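These numbers come from a predicted model, not from an experiment. Values reported hereafter were calculated over all heavy atoms of this structure, with side chains retained and with hydrogens, waters and symmetry mates removed.
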Amino acid sequence: MTEPTHDNEAHGGALGSRLNWLRAAVLGANDGIVSTAGIVVGVAGATADRNALLTAGLAGLLAGSMSMAAGEYVSVSTQRDSELAALAQEKRELKEQPEAELEELTELLERRGLSREVAGEAAVQLTERDALKAHASVELGIDPDELTNPWNAALASFLAFTVGALLPLLAIVLPPSDWRLPVTVCSVLAALVLTGWASARLGAAAVGPAVLRNVLGGALAMGVTYAAGRLLGAVGV
């Protein structure tokens, strides 16, 4: 009876991890869409020069993707360091006071709804199989075999932001001059509807408010930057 419960928890944890990664990818793409759209629409308010638009958009894409990757690397590295430190402490405690750790594991399993007798038997079996992994999973919520990887996180953020940023960049430079702004605005708003829907579904939240917030935020960003571009263009800056 103990084995299926342990497997179900493992699968649930893996599913939760995958959903978190998917949500992070959607949010990264959303950031790429909004920030790059704000840049190119702002520049479009000041000039219709294709080279200027391409340069600004590409600079925004590279700066944003590198910033996202660096930030994610630092954040996940800190998380990984904390996980390794917690595992090292747990390993010391298991070596120095195994009986106290066995009692602690039994109590933790009791809190999950097992009777004292069953919890004690499960704690003994889990300890005999892999004491560190048992305590890491039940006590710390960590899988020692699947620690977060900062390089994977950085690469995922870089790619997600880049994919999102490519949409407004291509939309502003590919169409004819008269169509650039409407094509960019429409394509960006459509993409924001999609990312808002995806983030809501992944987070099990209401779709309508999530999409509305996403679209209004993106529209506001483009409106503000366009107005600033128009103002700077009018005064000759």
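Using a 4.5 Å heavy-atom cutoff, the side chains of E72 and P150 are not in contact. Considering only heavy atoms from C-beta on, V183 stays 4.5 Å or farther from I172 through its side chain. Two residues are said to be in side-chain contact when any heavy atoms from C-beta on lie closer than 4.5 Å; T184 and V188 meet this criterion. By the 4.5 Å heavy-atom criterion applied to side chains, E101 and E90 are counted as neighbours. Residues V76 and N149 fail the side-chain proximity criterion, which asks for heavy atoms closer than 4.5 Å.
Residues N214 and T195 bring a donor and an acceptor atom of their side chains to less than 3.5 Å of each other.
A continuous path of ILVMFWY side-chain contacts below 4.5 Å connects W197 to L192, so both sit in one hydrophobic cluster. Transitive grouping of hydrophobic side chains (ILVMFWY, heavy atoms separated by less than 4.5 Å) brings L181 and V34 into a common cluster. L167 and V215 are not part of a single hydrophobic cluster, where members link through side-chain heavy atoms under 4.5 Å apart. Hydrophobic clustering (ILVMFWY, side-chain heavy atoms < 4.5 Å, transitive): I39 and F158 are in distinct clusters. Hydrophobic clustering, with ILVMFWY side chains joined whenever heavy atoms are under 4.5 angstrom apart, keeps L159 apart from I33.
At distances below 3.5 Å, at least one donor-acceptor pair connects side-chain atoms of S65 with backbone N or O atoms of L62. Although no hydrogens or angles enter the test, the distance criterion places no donor-acceptor pair under 3.5 Å between the side chain of R112 and the main chain of E107. Between the side chain of S67 and the backbone N or O of A63 there is no donor-acceptor pair closer than 3.5 Å. Although no hydrogens or angles enter the test, the distance criterion places a donor-acceptor pair under 3.5 Å between the side chain of S82 and the main chain of T78. Checked by atom type and distance alone, the side chain of T225 pairs as donor or acceptor with a backbone atom of M222 at under 3.5 Å.
Heavy-atom minimum distance, F161 versus S35: CZ-OG, 3.2 Å. Listed here is the closest heavy atom pair of A200 and A210: CB-CB, 3.6 Å. Across T47 and A52, no two heavy atoms sit closer than the pair CG2-CB, 4.0 Å. Pairing each heavy atom of L53 with each of A48, the nearest pair is CD1-O, 4.3 Å. Considering every non-hydrogen atom in both V43 and A56, the closest pair reads CG2-CB, 3.6 Å. Contact record, A123 with T106: CB-OG1, 3.4 Å, taken as the closest heavy-atom pair.
The pair R116-E103 meets the salt-bridge criterion, with a side-chain N (NZ, NE, NH1 or NH2) lying under 4.0 Å from an Asp/Glu carboxylate O.
Between atom CG of residue L114 and atom CG of residue L108 there is a gap of 11.0 Å, rounded to the nearest 0.5 Å. Taken to the nearest 0.5 Å, the CD atom of Q79 stands 10.5 Å off from the CG atom of L84. A distance of 5.0 Å separates OG1 of T162 from CG of L61, quoted to the nearest 0.5 Å.
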> Please walk me through it: do L102 and E99 pass side chain to side chain contact (heavy atoms under 4.5 Å, CB included)?
Replying inline: CA-CA 5 Å; L102 179 61; E99 293 183 359; 5.6 Å; no
